[in-house]
Amino acid sequence: MEKYAPQGRKVMANTLDRGFFMYQKEFEDKALEVLRSGWYVLGREVSSFEEEFAEYVGGKYCVGLASGLDALWIAFRILGIGAGDEVLVQANTYIASVMGITINGAVPVFVEPDEYYQLDASALEEKITDRTKAILVVHLYGQASNMDEIMRIAEKYHLRVVEDCAQSHGAKFRGQTTGTFGDIGCFSFYPSKNLGAFGDGGAIITNDEGIAREVRIFRNYGSEKRYYNKVVGANSRLDELQAGLLRVRLRHMDELEAQKREICEKYLSRLDGGKFLLPQIRGGATHIWHQFVIRSDRRDELMGYLEEKGIGTIIHYPIPPHLSEAYRFLGYGKGSFPVTERYADTVLSLPLFYGMEEEEQDYVIHWMNQF
Ligand SMILES: *Cc1c(COP(=O)(O)O)cnc(C)c1O
């Protein structure tokens with residue numbers, strides 16, 4: 001226990017270099033291979049990664065992009081969802097989900113989350129108007145959403161479905177991987193995500209050949225053939241170095257997922273469930289544990305107390321999008337989405353990262369239960 005006392009080492013909320021050192025030789029060999037290849041953008045590494053990631057997710061096509069946010073807004077752009085259109089999205093998401101909608105001029109219509117922190121499917125129908133065009137499902141913290149219900153409602157009202165899988169690489173609902181239920185699945189490979197790069201990266205997954213082709217053209221200035229531009233596109237390309245490094249990590253996803261599962265099962269069994277509200281998992285869903293999120297009515301006090309013990313924690317997220325300065329123009333105030341606001345005031349993510357040591361976790365559990 002003393003080893004991790006505040007004077008010595010700390011248990012940080014996240015320690016990303018551990019995930020590098022686990023496969024250091026493989027990452028370094030791949031990095032050198034790409035650096036020495038003389039080919040840095042849209043080459044063999046990207047197309048191989050796209051094939052391998054599509055297979056991993058169980059979707060037909062993957063197109064690598066520069067970030068998760070790009071995946072989201074390009075998805076809506078290709079689906080033709082923009083000015084005047086409404087998109088249903090859960091109110092307790094990371095703000096990038098909402099930006100994916102509003103960059104195109106569409107309007108986010110917020111829906112409260114359920115007790116699993118996912119879109120509350122029973123609150124969807126009352127929000128549908130004749131301008132509703134799509135549902136953006138965010139599989140938050142790594143748990144698959146209630147896809148049976150969401151897809152049933154989408155089909156009933158002829159709505160498009162886009163999945164924000166930035167936190168849910170490999171999470172499943174009734175055996176089907178998130179990102180393959182709707183029209184487009186959007187992924188981020190930001191370093192802290194479960195499948196993280198060493199810089200920015202993103203991708204879309206789709207079973208629609210036409211959509212895949214349009215995204216492929218769009219990401220490269222709207223051109224399929226160099227200097228023959230068909231549409232006004234963007235520069236949003238996954239680069240060769242990131243793609244190569246992602247391929248290395250993807251090879252190890254099964255053991256990485258198992259490692260996080262083991263850590264979180266220990267948290268679930270050892271943390272005092274009378275003191276903290278522990279995460280719950282919906283029947284039929286799997287959780288890939290992007291974050292381990294507990295709730296406490298004394299959250300801020302708990303966070304300060306843990307900080308004193310040398311334990312870092314993070315709030316995902318302290319300000320819901322509808323209360324952020326960026327979205328003041330939508331006209332919402334405090335009290336607009338009470339469940340979301342209560343979550344924002346009480347959630348706390350515990351230390352969780354690849355390569356976390358048993359001793360570190362025991363230290364966290366010890367002080368949590370002493371609170
Ligand atoms: C990280 C994240 C994004 C954005 O991904 P970037 O690659 O950082 O642009 C979008 N949505 C959710 C839910 C995220 O967690």
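In this text, all values refer to a predicted model and were calculated from it rather than measured experimentally. One-based numbering, in listed order, for ligands and for the atoms of each.
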Measuring centre to centre across the rings, with the benzene-like ring taken for any Trp, is H169 within less than 6.0 Å of F187?
yes

List the atom of I263, the atom of F353, and the distance in Å for their closest heavy-atom pair.
CD1-O, 4.0 Å

Quick one: salt bridge (charged side-chain N to carboxylate O under 4.0 Å, His left out) pairs with a partner in residues 108-122, sequence neighbours left out?
D114-R282

Determine, for K266 against D362, whether the closest basic-nitrogen to carboxylate-oxygen distance falls under 4.0 angstrom.
yes

For the pair D85 and R131, find out whether any cationic side-chain nitrogen is under 4.0 Å from an anionic carboxylate oxygen.
no

My understanding is that only one of E224, E209, E50 makes a salt bridge (Lys or Arg N to Asp or Glu O under 4.0 Å) with R216; could you say which?
E50

May I have the N/O to N/O pairs between ligand 1 and the protein that fall below 3.5 Å, each with atom names and distance to one decimal?
| from | atom 1 | to | atom 2 | distance (Å) |
| --- | --- | --- | --- | --- |
| ligand 1 | 5 (O) | S188 | OG | 3.3 |
| ligand 1 | 7 (O) | G68 | N | 2.8 |
| ligand 1 | 7 (O) | S188 | OG | 2.6 |
| ligand 1 | 9 (O) | G68 | N | 3.3 |
| ligand 1 | 9 (O) | L69 | N | 2.9 |
| ligand 1 | 11 (N) | D164 | OD1 | 3.4 |
| ligand 1 | 11 (N) | D164 | OD2 | 2.8 |
| ligand 1 | 15 (O) | Q167 | NE2 | 2.8 |
| ligand 1 | 15 (O) | K193 | NZ | 2.6 |

